Amino acid sequence: MLLLLATIWGTSFILMKKGLVVFSPLELGATRVSVAALLLLPFALQHVRQVERSRIKWLLLSGIVGTLIPAFLFAYAETKLASGLAGVLNALTAVFTLVVGAFFFGQRLTGLRVLGIGLGLVGTIVLMLLGGSGGEATPAGVGNAWYGLYIVAATVGYGVSVNVIKHHLHGIPPVAVTALLLLFIGGPALAFLLVGTGFLHKLATVPGAWVAFGYIALLATMSTAVAMVLFNKLIHQSTALFASSNTYLVPIVALGWGLLDGEVINGWHLLGMAIILLSVFIIHRAK
């Protein structure tokens, strides 16, 4: 399950890149959430009356900070950042899962784990300041690399969501958790997509729009709907940190797709990735 999840999420970054050829970050994010919500709507309607009202606020929080906002943040980041590097920065999810767990959910913060957190931040700095975007526009890391901060913010949201699901939504079937949180955020996302953007006009008039939409639909189906069900199942069956350990493999898959698509990876990129993955390893091994 962990390997399958890492493969699906590792592919999501190149799919976003292809969708952004035609659609804006706002359109991509709203489409991704809307399609995923529509796909899981039957499951949401099946379980909506079975969830206690006291848990709805946690479903809403997880949906907003762990799905809705990151969908837009990643899309904005990839307007300037190589998809492979976006996948590498996504590894910070494990770091912020621990940070949020320590500050808000009573998780023990040992010396080794603090070291892991520090290394994760160092790796991020190396990647953003020296690694650049991975493309010809900013080979020395100037300008575009700062778009990585969007991904850092998204991984903070992921860290919050993982802990909320683990501590406040236990006992709810994984497919129900995913379907219900998408139900709460999918309606506003769909309304915004149809009324507040040029999505429909682009579909009707822009060459290649349907192909780009196909990439986003695949992204929504696999990386949002299916992957979130698998991820929530992992959280319930293991620990929050183990569930987030797919971040070891996601960067490898993402970088592979990026290289196949002609993205440039230099030594600073590899060093930054190595430091981030070392930080995740330390965090997972620390007692």
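Residue numbers start at 1 and run along the sequence shown. The model shown is predicted, which means the values in this text are computed figures rather than measured ones.
- Checked by atom type, the side-chain pair S161/S62 shows a donor-acceptor distance below 3.5 Å.
- Between M222 and T11 the shortest side-chain heavy-atom distance does not fall below 4.5 Å.
- Shown here is F72, whose CZ atom has more than 12 heavy atoms of other residues, nucleotides or ligands within 6.0 Å.
- Contact record, F192 with A30: CD2-CB, 4.0 Å, taken as the closest heavy-atom pair.
- Residues F104 and N163 form no side-chain contact, since every pair of their non-hydrogen atoms from C-beta on lies 4.5 Å or further apart.
- Smallest separation of non-hydrogen atoms from I151 and A77: CG1-CB, 3.6 Å.
- Just one residue in the list L182, L194, I216, L193 forms a side chain to side chain contact (heavy atoms under 4.5 Å, CB included) with S34, and that residue is L193.
- Each ring-ring contact (aromatic ring centres under 6.0 Å, His included) pair with one or both residues in residues 29-70, not counting sequence neighbours, appears once here: W58-H168.
- For F199, the ring-ring contact (aromatic ring centres under 6.0 Å, His included) criterion is met by F23, F213, not counting sequence neighbours.
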Under the side chain to side chain contact (heavy atoms under 4.5 Å, CB included) rule, what do F13 and N90 come out as? Steps first, then yes or no, please.
CA-CA 10 Å; F13 304 98; N90 183 68; 3.8 Å; yes
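- Taking every heavy atom of both residues into account, L89 and G148 meet most closely at CD1-CA, 3.7 Å.
- Smallest separation of non-hydrogen atoms from I64 and P70: O-CD, 3.9 Å.
- Residues forming a salt bridge (charged side-chain N to carboxylate O under 4.0 Å, His left out) with K202 (at least two apart in sequence, or on another chain): E27.
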Quick one: do V122 and I125 satisfy side chain to side chain contact (heavy atoms under 4.5 Å, CB included)? Show the steps, please.
CA-CA 5 Å; V122 170; I125 292 171; 5.6 Å; no
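- L277 has its side chain within reach of P251: a pair of non-hydrogen atoms, C-beta onward, lies under 4.5 Å apart.
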Test side chain to side chain contact (heavy atoms under 4.5 Å, CB included) on R55 and I172 and set out the steps.
CA-CA 10 Å; R55 290 188 167 189; I172 304 176; 3.0 Å; yes
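- Between Y158 and F74, the angle of the ring planes stays under 30°, which puts this pair in the parallel group of the 30/60° scheme.
- Among L218, L219, V253, the single residue meeting the side chain to side chain contact (heavy atoms under 4.5 Å, CB included) criterion with S12 is L219.
- Using a 4.5 Å heavy-atom threshold, the side chains of L230 and I8 count as touching.
- In this structure, L15 and K18 have side chains that are not in contact, with every pair of non-hydrogen atoms separated by 4.5 Å or more.
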Report the C-alpha separation of L181 and L169 in whole Å, then their side-chain angles, then the decisive distance to 0.1 Å, and conclude whether the side chain to side chain contact (heavy atoms under 4.5 Å, CB included) test is met.
CA-CA 11 Å; L181 66 85; L169 299 175; 5.8 Å; no
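- Taking a 6.0 Å sphere around CZ of F103, one finds it holds 12 or fewer heavy atoms contributed by other residues, nucleotides or ligands.
- In this structure, R32 and S223 have side chains that are in contact, with non-hydrogen atoms separated by less than 4.5 Å.
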